[in-house]
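Notes follow the structure.
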Amino acid sequence: MTKEEARSIIIEKKQELGKRLIILGHHYQSDEVIAYADYVGDSLELARKASQVEEAGHIVFCGVFFMAESAAILAPEKSVYIPDFSAGCPLADMAEPGDVQKAWEIITEEGPGVVPVTYVNSSARIKAFCGRHGGIVCTSGNARRIFEWAFDRADRIFFMPDMNLGRNTARQMGIPGEQIVLWDPEKEHGGLGSDELARARVVLWKGWCPVHWPKFTPEDVRTLKEKQPGLEVIVHPESDPQTVEASGRSGSTARILEVVKATPPGGKLAIGTEANMVKRAARENPSIQIVPLREVYCDDMARITVEKLARVLLHLGDDTFRVTVEPDVARDALSALERMLRV
Ligand code: 13P
Ligand code: SF4
């Protein structure tokens, strides 16, 4: 199928189905895909949207698998599709349920009062694990509020899988470094002594997003700021704490775009996140000078193309591209997701 053919199929199907079809697009999608999205957002906004969609029976998720899976859990009466099942997330894959269960047993043995919190960038099984243990999901847009929710219920948080988001959030809350420990699933006992675990208020899973870490560095920030006086910097909180500190600001993709909107004409802004989004922000806001902190792309997000979007639209109503979740996993994951949406 050529791009032209794909575009005509998409336009035709959107016209034919009207409000019965909704296409959701994450900010990291390419311009050619975003052009057909009915709603564009960060993970939190898209999860909310999926839970609120009323008329549409079909939701096509242009993003990565965990996002479509969360939509399928939040909208069980709808059919949710992803244009390419291989659009995964290496960060989500870093927390494997068997390893998480083993860690949980040790962490809870070393001291009671722990709430498990998972970043939405995780599998349905990890969300279900949190749901079963009184835990919750967070996104980069609400991590601090969710940590506060968890600390209202327990003394300690077991956070997975993104060590950088976890540490950035804990630091923002003023938790001292010695009370934040890193659980390395490759090591015996997570690589931690019993005493370290017992005094930890936050136990972080050793996972990271390869798009944001270690690609963005504090040196990148300092070099750009030196070259361009007056330049402001904002990075995604999947970047490490040193880079966040050097930048002075961090936020979810939606928050970054709010900062773009609030920048006055003539302002200069460097953005440390996926480059599709940064370049689009630059094109859409010509009165300010927007540059990527470094030009990095998410290969998984890039798997979604107009050709694949057209293909999925030709298969609505059959199960070829439909995302389904086992009922018991979906039930427990839903309780963790719903807790988040209520906070
Ligand atoms: P946001 O929730 O900020 O959109 O981030 C999602 C993501 O995958 C970042 O890498
Ligand atoms: Fe996953 Fe990173 Fe891609 Fe986001 S940018 S989907 S965290 S690999």
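Each ligand, and each atom within it, is numbered from 1 in the order the structure gives.
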One finds that the ligand 1 atoms under 4.0 Å from a non-hydrogen atom of H212 are 10 (O)

A student checking ligand 1 against S43 at a 4.0 Å heavy-atom cut-off should list atoms 1 (P), 2 (O), 4 (O), 5 (O), 6 (C)

When rounded to the nearest 0.5 Å, the distance separating CG of L309 from NZ of K13 is 12.0 Å

Just wondering, more than 12 heavy atoms not from Q52 lying within 6.0 Å of its CD?
yes

Atom 8 (S) of ligand 2: of P90, A302, G88, S43, the nearest heavy atom sits on P90

Counting from 1 in the order shown, the ligand 1 atoms closer than 4.0 Å to a non-hydrogen atom of N121 are 7 (C), 8 (O)

Quick note on ligand 1: atoms under 4.0 Å from a heavy atom of H236 include exactly 1 (P), 3 (O), 5 (O), 9 (C)

Discussion item. Could you check whether atom NZ of K19 has more than 12 heavy atoms from other residues, nucleotides or ligands sitting under 6.0 Å from it?
Written reply: no

Within 4.0 Å of some non-hydrogen atom of E238, the atoms of ligand 2 are 2 (Fe), 7 (S)

How about W183 and F158: are their ring centroids closer than 6.0 Å?
no

(message) Contact between ligand 2 and N121 is defined here as a heavy atom of the residue under 4.0 Å from a ligand atom; is it met?
(response) yes

The option among E45, R255, H27, E238 carrying the non-hydrogen atom nearest to atom 7 (C) of ligand 1 is E238

| request: Would you check if atom 3 (Fe) of ligand 2 lies under 2.8 Å from any N, O or S atom of C89? | output: no

### Task
Would you indicate whether R280, at its atom CZ, is surrounded by more than 12 heavy atoms from other residues, nucleotides or ligands within a distance under 6.0 Å?
yes

Quick note on ligand 1: atoms under 4.0 Å from a heavy atom of S252 include exactly 3 (O)

When I175, D155, V114, I157 are each screened for side-chain contact (heavy atoms from CB on, under 4.5 Å) with R201, the one that passes is I175

Logged contact type for T139 with ligand 1, heavy-atom cut-off 4.0 Å, is neither

Quick note on ligand 1: atoms under 4.0 Å from a heavy atom of S140 include exactly 1 (P), 2 (O), 3 (O)

Counting from 1 in the order shown, the ligand 1 atoms closer than 4.0 Å to a non-hydrogen atom of Y28 are 7 (C), 9 (C), 10 (O)

Between F216 and V211 the two heavy atoms that sit nearest each other are CE1-O, 3.9 Å

Numbered in order shown, the ligand 1 atoms found under 4.0 Å of a heavy atom of H26 are 1 (P), 4 (O), 5 (O), 6 (C)

Under 6.0 Å between the ring centres of Y28 and Y297? no

Heavy atoms of S239 and V244 approach each other most closely as O-CG2, 3.9 Å

Per side-chain contact (heavy atoms from CB on, under 4.5 Å), V120 is matched among K127, E69, M67 by K127

Closest to atom 3 (Fe) of ligand 2 among protein heavy atoms sits C298 SG, 2.4 Å

re atom 2 (Fe) of ligand 2, the protein heavy-atom contact at minimum distance is C209 SG, 2.3 Å

